[in-house]
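One structure below.
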Amino acid sequence: MAEKITVNADGSINVPNNPIIPFIEGDGIGPDIWAATRKVLDAAVAKSFGGAKKIEWLEIYAGEKAKEKTGEWLPQATFDAIREYKVAIKGPLTTPIGEGIRSLNVTLRQVLDLYACVRPVRYYDGVVSPVKAPHLVDMVIYRENTEDVYAGIEWAAGTPEAKQVIDLCASLGKTIRPDSGIGIKPMSATGTKRLVKMAIQYAIDNNRPSVTLVHKGNIMKFTEGAFRTWGYEIAKEAFGDKVISEDEMWKNHGGKCPAGRVLIQDRIADAMFQQILLRPSEYSVLAMPNLNGDYMSDALAAQVGGLGIAPGANIGDGVAMFEATHGTAPKYAGLDKVNPGSLMLSGVMMLEHMGWQQAGAMIQKALGTTISKKTVTYDLARLMEGATELKCSAFADAIISNMA
Ligand code: NAP
């Protein structure tokens, strides 16, 4: 019998054998990549658990399909369903132009308070990469989703609001040119600590060796610098002896992390862009403010050649939404052509979040095998020598046939 996922007081989830999971198919290429993803997720769950577990999919609406059916881009029922069922998956959504909505994705994240944008980055054999040793990259980014210059507190140059802020700053002894646009960068202890806590918990649960706080605190002391300070504080407050700071490791343990503890370290953002290229094997889980996370996610995904297959999730307290990281690619809509890898690997993250690791691992392995056999969709085929180009649906079938 199909049942709901429920959340315990400590934030962990209970997943029944037949959980109801809402999905948003998405616009443009959404229906193609969702059909391919659903087929692969169902096959992996069936094979991994011998039929004992099965997802009951529940369609909910957002984007163009919602507008057609209900007259609204994001119906209230969609928010209600995600809150009620706790875990959801979505394809890409068109950003309506001139309708007063900044972005459907941003609205979903804000309304549901999905404060962590999580992006795992790893290499799949056979994918063409611009660097020499892409297999050394195996990192998971935790990007703060609700604060920083992304909070949307902005006024255009010449507006009365911009003038008011400029005047206020003048009264505080800070000079701003009168023809400036104004953006505000709020970063709180609350926002930082809940994000860093989630990243450390992930590292502990998944035997990851370290969490690196990536910030620009040498220049922006009371925002980015405070992110670093609050990050170390919550590590100590919430995890005690399960973690160790880099300082303490050098002072008391000769620079060696004691077994069983997660190392908490920090790096300045600009230096970190060099580190991910020069010493990628030294980094595992990364926690960072919104803007740094935006840049770092794309830079790391490019490093493994996989911008098109990079998965993502937006996670809050008790609610998680897994999604393709690319857009709706409207020119390919309905052609059964594009790569479903991003949504599929987001589905893998979802299975891991549900505690169904075997099924997730089966998909990752089969996807790796399929790519290394050079049976791939057009985007990877055009970069590989001697590849066989498959349609989106045929790529999903190939993955299923490569499942052990
Ligand atoms: P896009 O849809 O990501 O497409 C840009 C290009 O990326 C495509 O033309 C294609 O490259 C490649 N690409 C994207 N998805 C692919 C896939 N699954 N397989 C293979 N190649 C893929 O970006 P856009 O054209 O800037 O945006 C289109 C719409 O999507 C806009 O309305 C935008 O607001 C929205 N959007 C939504 C999300 C989201 O829902 N999360 C994210 C970003 C954008 P080639 O042309 O080289 O083949």
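Ligands are counted one by one from 1 in listed order, and the atoms in each one are counted from 1 as well.
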- Closest non-hydrogen contact found for T192 with G231 is CG2-N, 4.3 Å

- Query: Polar-atom distance check: H326 versus ligand 1, any N or O pair below 3.5 Å?
  - Reply: yes

- Message: Quick test: of every protein heavy atom, which one is nearest to atom 25 (O) of ligand 1, and how far off is it to 0.1 Å?
- Response: P330 CD, 4.5 Å

- Task: Identify the two heavy atoms, one from S48 and one from A359, that lie closest to each other, and give their separation to 0.1 Å.
- Result: OG-CA, 3.2 Å

- Charged N-O contact under 4.0 Å between R109 and E323: yes

- Message: Under 4.0 Å, heavy-atom basis, I'd like to know which part of K337 is in contact with ligand 1: side chain, backbone, both or neither.
- Response: neither

- Query: Hey, is ligand 1 close enough to L93 that some N/O pair sits below 3.5 Å?
  - Reply: yes

- Message: For K331, state whether at least one heavy atom is located under 4.0 Å from any atom of ligand 1.
- Response: yes

- Note on the structure: For R382, the ligand 1 atoms with a heavy-atom partner under 4.0 Å come out as 45 (P), 47 (O), 48 (O)

- Query: Which residue supplies the protein heavy atom nearest to atom 19 (N) of ligand 1, what is that atom called, and how far is it?
  - Reply: N339 N, 3.0 Å

- Item | Atom pair CZ (F222) and CE (M187), whose distance is rounded to the nearest 0.5 Å | 13.0 Å

- Just go through A329, G63, G312, G91 and tell me whose heavy atom is the nearest to atom 4 (O) of ligand 1. A329

- Query: Nearest to atom 22 (C) of ligand 1, what protein heavy atom do you find, and at what distance?
  - Reply: Y378 OH, 4.0 Å

- Task: Among all protein heavy atoms, pick the one closest to atom 30 (O) of ligand 1 and tell me residue, atom and distance.
- Result: T328 N, 3.0 Å

- Task: Could you tell me which atoms of ligand 1, counted from 1 in the order shown, lie closer than 4.0 angstrom to a heavy atom of I29?
- Result: 15 (N), 18 (N)

- Query: Taking the six-membered ring for Trp, are the ring centroids of Y295 and F273 within less than 6.0 Å of each other?
  - Reply: no

- Message: Under a 4.0 angstrom heavy-atom cut-off, which atoms of ligand 1 come close to D379?
- Response: 20 (C)

- Query: For atom 45 (P) of ligand 1, what's the nearest protein heavy atom and its distance?
  - Reply: Y332 OH, 3.6 Å

- Over all atoms of both residues, closest heavy-atom pair of I244 and P258: CD1-CD, 3.8 Å

- Would you call D138 and Y123 a side-chain contact if the rule is heavy atoms closer than 4.5 Å? no

- T328-D27 side chain donor-acceptor pair, cut-off 3.5 Å: no

- Message: Strictly inside 4.0 angstrom of atom 1 (P) of ligand 1, do you find any protein heavy atom?
- Response: yes

- Which part of N105 is near ligand 1, with near meaning a heavy atom under 4.0 Å away: side chain, backbone, both or neither? side chain

- Query: Is G327 in polar range of ligand 1, meaning some N or O pair under 3.5 Å apart?
  - Reply: yes

- Are E224 and K185 within salt-bridge range, i.e. N to O under 4.0 Å? yes

- Task: Please check if any side-chain donor atom of Y232 sits under 3.5 Å from a side-chain acceptor atom of D247, or the reverse.
- Result: no

